Amino acid sequence: MALYAIGDTHLSLGGSKPMDTFGGSWEGYVDKLRSGFAPLTGEDAVVLCGDLSWGMSLEEALPDFLFLDSLFPGKKYILKGNHDYWWTTANKMYAFWTQHGITDFELLHNNCRFYGETALCGTRGWFFEENADGHNEKVFNRELLRLETSLKAAGEAPKLCFLHYPPRYEGYICQEIVDLLELYRVSACYYGHLHGGSHRLAQEGRRGSVEYRLIAGDKLDFCPLKVLD
């Protein structure tokens, strides 16, 4: 029994954006995901840190959901990435998944989940590139509220945080998010979003009282990282 995490599967099984075209570690990434998840059992769980599918709607993303669901029979905790265009309301997502026999997906969104005594907290987060895309303070503040809602829901339990965007990056820090992680005594933060040459710019290891780790799929060679026994 163990908890794992991975982000950025970027599946396109029913679409036209297979990531194999980028070469390198992306070549054969679907098969790598099958192999990477093969040791997991129904007693295990995984946090999927966003950018799961290139589908533009729930219907377009269905082959990718079915693939993720088939990888192992345990719980999959899902948070939103910046490329999850299929994302809609929680009620619509749960109804769609149930309709198609997918019962092991649980959202990590405005809430927390528990793995044993440990609280799993998280949200999409914020990154400096959002400003270049025309996003504004309102969106940023909403992400901060979602993260704090998640952390408050955990109460006094030990906390792990899962984000899509990196809260730290070479030459950049999202101070408001880092401050929340420190305030609520988060022990470790796992994030994705960074690919290829950007891996070397990730800030990993202990910063303050929080341990940071990049878990983008291509960084892990598509083998989910065990984060807790």
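Keep in mind it's a predicted model, so treat the numbers as computed, not measured.
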Is the NZ or CZ atom of Lys76 positioned over Phe72's six-membered ring, under 6.0 angstrom from the centre and within 45° of the axis? yes
When rounded to the nearest 0.5 Å, the distance separating CG of Asp84 from CE of Met93 is 9.5 Å
Asp51 vs His193, side chain to side chain donor-acceptor pair (under 3.5 Å): CA-CA, chis, key distance, verdict: CA-CA 8 Å; Asp51 281 8; His193 186 66; 4.6 Å; no
For the pair Tyr85 and Glu60, evaluate side chain to side chain donor-acceptor pair (under 3.5 Å) and give the outcome as yes or no after the intermediate values. CA-CA 10 Å; Tyr85 303 118; Glu60 286 187 9; over 6 Å; no
Go through the steps for Glu211 and Ser187 under the test side chain to side chain donor-acceptor pair (under 3.5 Å), then give the verdict. CA-CA 6 Å; Glu211 187 79 17; Ser187 61; over 6 Å; no
Leu52 side chain reached by Leu68 side chain, heavy atoms, under 4.5 Å: yes
Nearest 0.5 Å, what's the CZ-CG distance between Arg146 and Asn111? 11.5 Å
Please check if the number of heavy atoms outside Gln175 that lie under 6.0 Å from its CD is greater than 12. yes
Between CG on residue Leu66 and NE2 on residue His100, distance to nearest 0.5 Å: 8.0 Å
To the nearest 0.5 angstrom, please state how far the CZ atom of Phe162 sits from the OH atom of Tyr191. 14.0 Å
Rounded distance (nearest 0.5 Å) linking atom CG of Leu79 with atom SG of Cys121: 11.5 Å
Can you see which heavy atom on Ala119 is nearest to which on Ala157, and at what distance? CB-CB, 4.2 Å
Tyr169/Phe127 aromatic ring centres below 6.0 Å: yes
With sequence neighbours left out, the residues meeting side chain to side chain contact (heavy atoms under 4.5 Å, CB included) with Thr149 are none
Where do Lys159 and Tyr184 come nearest, in terms of heavy atoms and distance? CD-O, 3.3 Å
Separation between CG (Leu151) and CG (Leu183), nearest 0.5 Å, reads 8.5 Å
Is the shortest side-chain N to carboxylate O distance from Lys80 to Glu143 below 4.0 Å? no
Go through Trp126 and Phe140 one step at a time and tell me if the ring pair (Phe, Tyr, Trp, His ring centres under 6.0 Å) criterion holds. CA-CA 7 Å; Trp126 186 261; Phe140 177 42; 5.1 Å; yes
Determine yes or no for a side-chain-to-main-chain donor-acceptor pair under 3.5 angstrom, with Thr118 supplying the side chain and Phe114 the backbone. no
Closest contact, heavy atoms only, Leu194 versus Ala216: O-CB, 3.3 Å
Can you confirm whether Arg206 is buried at CZ, in the sense that more than 12 heavy atoms of other residues, nucleotides or ligands lie under 6.0 Å from that atom? yes
Do Leu147 and Leu145 share a hydrophobic cluster (ILVMFWY, side-chain heavy atoms under 4.5 Å, transitive)? no
Please list, one pair per line, the donor and acceptor atoms closer than 3.5 Å that link side chains of residues 221-229 to other protein atoms, with sequence neighbours excluded.
from, atom 1, to, atom 2, distance (Å)
Asp221, OD1, Lys32, NZ, 3.2
Lys226, NZ, Asp229, OD1, 3.4

Once the angle between the rings of His83 and His10 is folded into 0 to 90°, is it parallel (under 30°), tilted (30 to 60°) or perpendicular (over 60°)? tilted
